[in-house]
Amino acid sequence: MPIHILDTLTGKKREFVPLEPGKVRFYACGPTVYDHAHVGHARSYVVWDVVIRHLRARGYEVKYVRNFTDVDDKIIRRASERGEDPIALADRFARAYDEDMDALGNLRPDVAPRVSDHIPQIVTLIEKLLAKGFAYAPGNGDVYYEVRKFPEYGRLSKRNVDDLMSGARVEPGEAKRDPLDFALWKGAKPGEPAWDSPWGKGRPGWHIECSAMTEEHLGATIDLHGGGKDLVFPHHTNEIAQSVAALGDGVHAEGFARTWMHHGFVEIDSEKMSKSLGNFFTIREVLARFDAEAMRVFLLNTHYRNPVNYSDVELGQAERRLVYLYETLEKVDRLAQGVTAAEGGGDDLVERSRAALDDDFNTAMVLGILADAFTAANALADRKGKKTPEDKAELARFARDARLVGRELGILQRGPAQALLSLRDRAAARRGLDQALVARRIAERAEARLAKDFARSDAIRAELLELGVALMDGPQGTSWKVE
RNA sequence: GGCACCGUCGCCAAGUGGUAAGGCAAAGGUCUGCAAAACCUUUAUUCCCCGGUUCGAAUCCGGGCGGUGCCUCCA
């Protein structure tokens, strides 16, 4: 079954057909590394992670490139505030960023290029634009792209050049022919990192890096380009202008990326989470309190194009949901230990889930499909009476298929017992629980129950419940969970 | 001001022409010494409002109302 993706350029959901059969060239715009990544970044790269995982599950050989922007105004400013070398500061945050992505369970990109390693390619690309007449160097050390030379400028963002006039700005010292023109190369100012170029010492503008690194690692035309909705204009609009002008026919916007994907924002109180508003949580802050896999469940429960409102309540809910999923797997694993999974018949959990992902990566739908399968598995597992070999084979199939689906979402890959213990530790820590005390009380209660002193037993249960601890009496003794 | 997007049960959320997935919460039940968990049942004749197109619309069109984003750095 073919994959369909809503393409920003055409505004239509279209069948995804890569340039070369079986291969996908994918570029995701990476972060500017001047600070720790926040939950908005978490969403972005979890979304791309699922896209990559699903394309690979469907048999595509995917080359995933995601850059680090390590040359930028904000990095320079931050570095000078701290008296640190800008490239070193960027390198520090790039490493921290990798740690955050690993913690979230995101696959590493195949290539993670940095701007500072691609200055020659950037210079070459700018030279091409100058030679083709799409750019000009006014002699002040800057080079600008002449927006009006590109006929389809603004097609991606559905804006025409005249609409943009009012918002365009010219900074002091710039020498643009038109306020809409944007810098490809910026002449060096004192104290800034700078590289030699035909136009003097300087550094690349914001947009040219992605055009250059895309070409370097994936070629002039790529299959899939992704980013947040805030990148549609101006960043991706300008990338198209540059790449098509330098490497394509200079006219048609589709010459750069064949499909454009843009995801919605993470919000707080229905406002975009962003550094400038100050209403953000870093990934590490949140992962100190909540489980990373729960974060994925939370993020993937909403379709990638829609906004998702961040809150501790929602995240806690996702975490409890994850507990349910792992408790089910643990129970089913126990019953189906060593059993060969059933084949044929039944409903095809894996194929139905993949079909949902084929339809513009509908992860929320997949979670819904999983919900039904988990309910059915629990019902079978808890049914009275001895399990028949057929029952066990069915449970084994469920456990296998649930994990296969989970793999595409980057969830359910841990051992259930270990995951549950870690989830409980999290919840206990959030509540400030003394786990030794809980263990002591459980032991006391066991004695009371042995003596049939149910009043005492119930008192202990009530006491612990006050602390947020729920006790569960089972055949193997009493276990507990938080909330 | 310009250009887009969004408005579905108390809350979260899928569904883009064929008669409203799923999760949380709530109520009842099974199970249990009591519980918890799990499971079963119940919970939107209705999708912000008003018109229109259609045999048929939450889904398409027009107009309102409300919210958000981009137009400056941003995932």
Quick one: look up who [N] pairs with, Watson-Crick or G-U, both distances under 3.5 Å, and put none if it's unpaired.
{"N": "B:C60", "answer": "B:G52"}
{"N": "B:A21", "answer": "none"}
{"N": "B:C70", "answer": "B:G2"}
{"N": "B:U30", "answer": "B:A38"}
{"N": "B:C47", "answer": "none"}
{"N": "B:U16", "answer": "none"}

Span that lies between the [atom1] atom of [M] and that of [N], in whole angstrom:
{"N": "B:G67", "M": "B:G62", "atom1": "P", "result": "22 Å"}
{"N": "B:C47", "M": "B:A38", "atom1": "C1'", "result": "32 Å"}
{"N": "B:A44", "M": "B:G22", "atom1": "P", "result": "13 Å"}
{"N": "B:G18", "M": "B:A26", "atom1": "P", "result": "35 Å"}
{"N": "B:U59", "M": "B:A14", "atom1": "C1'", "result": "13 Å"}
{"N": "B:U54", "M": "B:G2", "atom1": "C1'", "result": "35 Å"}
{"N": "B:C6", "M": "B:C48", "atom1": "C1'", "result": "12 Å"}
{"N": "B:G69", "M": "B:A75", "atom1": "C1'", "result": "13 Å"}

Find the distance [X]:[atom1] to [N]:[atom2] and express it as a whole number of Å.
{"X": "A:Tyr34", "N": "B:A75", "atom1": "OH", "atom2": "P", "value": "7 Å"}
{"X": "A:Lys13", "N": "B:U59", "atom1": "NZ", "atom2": "C1'", "value": "12 Å"}
{"X": "A:Arg352", "N": "B:G22", "atom1": "CZ", "atom2": "P", "value": "11 Å"}
{"X": "A:Leu370", "N": "B:G23", "atom1": "CG", "atom2": "C1'", "value": "12 Å"}

Nearest listed nucleotide, side chain of [X], among [options]:
{"X": "A:Asp458", "options": "B:A75, B:A21, B:G33", "value": "B:G33"}
{"X": "A:Lys272", "options": "B:A38, B:C70, B:A36", "value": "B:C70"}
{"X": "A:Arg461", "options": "B:A75, B:A36, B:C34", "value": "B:C34"}
{"X": "A:Asp473", "options": "B:G33, B:A75, B:A14", "value": "B:G33"}
{"X": "A:Glu271", "options": "B:A13, B:G69, B:G33", "value": "B:G69"}
{"X": "A:Ala470", "options": "B:A36, B:C71, B:A14", "value": "B:A36"}
{"X": "A:Phe233", "options": "B:A13, B:A37, B:C70", "value": "B:C70"}

With sugar-phosphate meaning primed atoms plus P, OP1 and OP2, does [X] contact a base, only sugar-phosphate, or nothing at under 4.0 Å between heavy atoms?
{"X": "A:Arg445", "value": "base"}
{"X": "A:Ala371", "value": "sugar-phosphate"}
{"X": "A:Tyr45", "value": "sugar-phosphate"}
{"X": "A:His235", "value": "nothing"}
{"X": "A:Leu231", "value": "sugar-phosphate"}
{"X": "A:Arg449", "value": "base"}
{"X": "A:Asn362", "value": "sugar-phosphate"}
{"X": "A:His263", "value": "base"}
{"X": "A:Gly40", "value": "base"}

Near-ring test [Y]/[X], centroid separation under 6.0 angstrom:
{"X": "A:His262", "Y": "A:His236", "value": "yes"}
{"X": "A:Tyr144", "Y": "A:Trp185", "value": "no"}
{"X": "A:Tyr97", "Y": "A:Phe68", "value": "yes"}
{"X": "A:Phe290", "Y": "A:Phe281", "value": "no"}

Contact check, residues 308-321 of chain A vs RNA chain B, heavy-atom distance under 4.0 Å, returns A:Glu314, A:Gln317, A:Arg321
Set of salt bridge (charged side-chain N to carboxylate O under 4.0 Å, His left out) partners for [X], sequence neighbours left out:
{"X": "A:Lys272", "result": "A:Asp230"}
{"X": "A:Asp49", "result": "A:Arg53, A:Arg296"}
{"X": "A:Lys186", "result": "A:Asp73"}

Which residues pass the side-chain contact (heavy atoms from CB on, under 4.5 Å) test with [X], sequence neighbours left out?
{"X": "A:Ala103", "value": "A:Leu287"}
{"X": "A:Ala42", "value": "A:Leu104, A:Ile283, A:Leu299"}
{"X": "A:Ala470", "value": "A:Leu465, A:Lys481"}
{"X": "A:Ile3", "value": "A:Ile5, A:Phe16, A:His54, A:Leu55, A:Arg58, A:Tyr60, A:Asp358, A:Phe361"}

By side-chain hydrogen bond (donor to acceptor under 3.5 Å, both in side chains), A:Arg431 pairs with (sequence neighbours left out) none
Of A:Gly227 and A:Gly368, the one whose closest nucleotide on RNA chain B sits nearer the 5' end is A:Gly368
RNA chain B nearest-nucleotide lookup for A:Ile369 and A:Val266: closer to the 5′ end is A:Ile369
Just checking, A:Lys229 and A:Phe265: is the charged tip under 6.0 Å from the six-membered ring centre and within 45° of the axis? no
*For A:Phe454 and B:G33, are the ring centres under 5.5 Å apart with planes inclined under 30°?*
yes
Any N/O pairs under 3.5 Å between the protein and nucleotides 39-41 of chain B? List them or say none.
{"from": "B:C39", "atom 1": "OP1", "to": "A:Tyr324", "atom 2": "OH", "distance (Å)": "2.7"}

Where do N or O atoms of nucleotides 4-10 of chain B meet protein N or O atoms at under 3.5 Å, pair by pair?
none

In terms of side-chain geometry, is the basic nitrogen of A:Glu319 or A:Arg426 positioned less than 4.0 Å from the acidic oxygen of its partner? no
Applied to residues 471-480 of chain A, the salt bridge (charged side-chain N to carboxylate O under 4.0 Å, His left out) test, sequence neighbours excluded, yields A:Arg445-A:Asp473, A:Arg449-A:Asp473, A:Arg461-A:Asp473
